[in-house]
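Order of the sequence lines sets the chain letters (A, B, ...), proteins ahead of strands, with each chain counted from 1. Below, each value reflects all heavy atoms present in this structure, side chains not excepted, and no hydrogens, waters or symmetry copies.
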Amino acid sequence: MAPSATRKGARVPALLELDPNAGDDPLGVAPGELRERTRDADRRAARTELRRQIARMECELGELFATTFPRLGIEWAIGAAGGPRVLGIAELESTRDALADRLAEARAEIARRADHEQANRELVERMIADPADYRWVRVRNEDVGEPGCKHWHSRPKWGIIGMFLGWWRVKLSSGCPLATGPRLRRRPPRDREDHDGLEGSAQAA
Amino acid sequence: MNDPEEFAVHGSVDRSLTDEFPGLYLRSTLVERGSGRSTRGMKERLRILSDRFAGPQAIAMRSRPIPWAYRVFFRHIGLDPDEQPTPIEALTLERMKKGGFVPNNLLDDALTVAIVESGVAVRAFDADRVQGALAIRPSVEGETLEGRPGELPAGTLVIGDELRPLALLFGATAAGRGVHPKSRRTLLVAIGVSGVPAIAVEEALWLAAECMEGTRA
């Protein structure tokens, strides 16, 4: 190959001819600047990757939040780095780690509660099978991880008579009370007093 | 360059931000009126919306694509969506607390309808107090947000016009730049992020504009 290859009239310098110590650069960029650009590109790629991980974890956290309902008392917040601004690698890493920790904690808590709820479901089955062995035991819907206000209550039939005679049964509550809001105060009707008052004032005039 | 046939005007995003957040974009549209009293039709629309949007929808919202995209973007820019909720989540919280979308004024109600229906973040400025084109950009040294003491930390993401920051991105509006009872023209602005399709953003703007000035041709 010739020292300088010519193609379609354009003159391209061969790489082997270039002397890096003399500052020759095929891209027309100083070596220091090239290193800086490469470093910037690497940093940006790292930030992009961290953002992708944050997005994935946020998705998992959202799904976990939806499936966890109506269980209460699980912490979901992770705190903020402070913004709005472009976060650096360290801050994105910190956010990602906090999300990962929160996900792990939430999963562990849900698993713990799932065991507890399963034990309560089994308890309800045993209560129904033999109410007298579980006198006055009450299991609520939230104890078995379900929404609503229903509860199972082992209690005697016919009150004190059933208690003495050992007639125990599991009573299922009828659910949540009906929704009631603040009652609208009814406006006093325009009654006769007002009318009379006007008449009175007219008469006085 | 905007296509004159397009409903929404494209705002610009600073080059440094497009490199970091390729999906970030801004659209705006002008409405030739300010706010005012909410109409009877709007109140009815909010009532129907309240009936359609109940607890189950609120719980599942985090896993819907558009609200999730905003949550993710909040994390990316250093905001915690559990402390500072995204626009759709803020409205959802209000809906749950008050038992319905409570009518307020025409603009707020129009924004509520647009945000809840589309999930997109929409906000409004007084169009007569905006100078030139809008842009999302980082603040520079010495810039302030009117009505807020002190300078903005350099690099704070703002929505600005050609002269000054008008609002923090997903945050406070500069004093006097928002719509007030005497405003005559309103600039509706929607912010799209990665994962939010442009058609949803345009729909959000269209909905808000339609609510404010009646059906558009």
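Interface check for chain A: of the options T156(B), L157(B), V72(B), L17(B), the most heavy-atom pairs under 4.5 Å are formed by L157(B). Contact tally against chain B (heavy-atom pairs below 4.5 Å) for T95(A), T67(A), I78(A): the top residue is I78(A).
To the nearest 0.5 Å, atoms OG (S63(B)) and CD (E58(A)) are separated by 10.5 Å. Separating the CG atom in D19(B) from the CZ atom in R44(A) is a distance of 4.5 Å, to the nearest 0.5 Å. With values rounded to the nearest 0.5 angstrom, L79(B) atom CG is found 9.5 Å from R85(A) atom CZ. Rounding to the nearest 0.5 angstrom, the gap separating the CZ atom in R51(A) from the OG atom in S194(B) is 10.5 Å.
The two atoms that bring G79(A) and D80(B) nearest to each other are N-OD2, 3.0 Å, heavy atoms only. L61(A) and R62(B) get closest at one heavy-atom pair: O-NH1, 4.4 Å. Across all their heavy atoms, L169(B) and P84(A) have their closest contact at O-CG, 3.5 Å.
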Open item on the list: With side-chain contact (heavy atoms from CB on, under 4.5 Å) as the criterion, how do L99(A) and R75(B) come out once you've worked through the C-alpha distance, each side chain's angles and the decisive distance to 0.1 Å?
Closed with: CA-CA 10 Å; L99(A) 272 170; R75(B) 298 260 190 236; 3.9 Å; yes
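For CG of L163(B), the number of neighbouring non-hydrogen atoms (other residues, nucleotides, ligands) closer than 6.0 Å is greater than 12. Atom CZ of R126(A) is surrounded by more than 12 heavy atoms from other residues, nucleotides or ligands within 6.0 Å. Few gaps surround CH2 on W136(A); more than 12 heavy atoms of other groups in view lie less than 6.0 Å from it. Taking a 6.0 Å sphere around CZ of R140(A), one finds it holds 12 or fewer heavy atoms contributed by other residues, nucleotides or ligands. Environment of CD in E141(B): sparse, with no more than 12 heavy atoms of neighbouring residues, nucleotides or ligands closer than 6.0 Å.
Looking at L92(A), the atoms closer than 4.5 Å to chain B (heavy atoms on both sides) all sit in the side chain, from C-beta outward. The part of E83(B) that comes within reach of chain A is its side chain, from C-beta onward, which places non-hydrogen atoms under 4.5 angstrom from that chain. Neither the backbone nor the side chain of L50(A) comes within less than 4.5 Å of any heavy atom in chain B. For D82(B), the part lying near chain A is the side chain, with the backbone staying farther off; criterion is any non-hydrogen pair under 4.5 Å. Only the side chain of F21(B) has a heavy atom closer than 4.5 Å to any heavy atom of chain A.
Residues H76(B) and I54(A) form a side-chain contact, since some pair of their non-hydrogen atoms from C-beta on lies under 4.5 Å apart.
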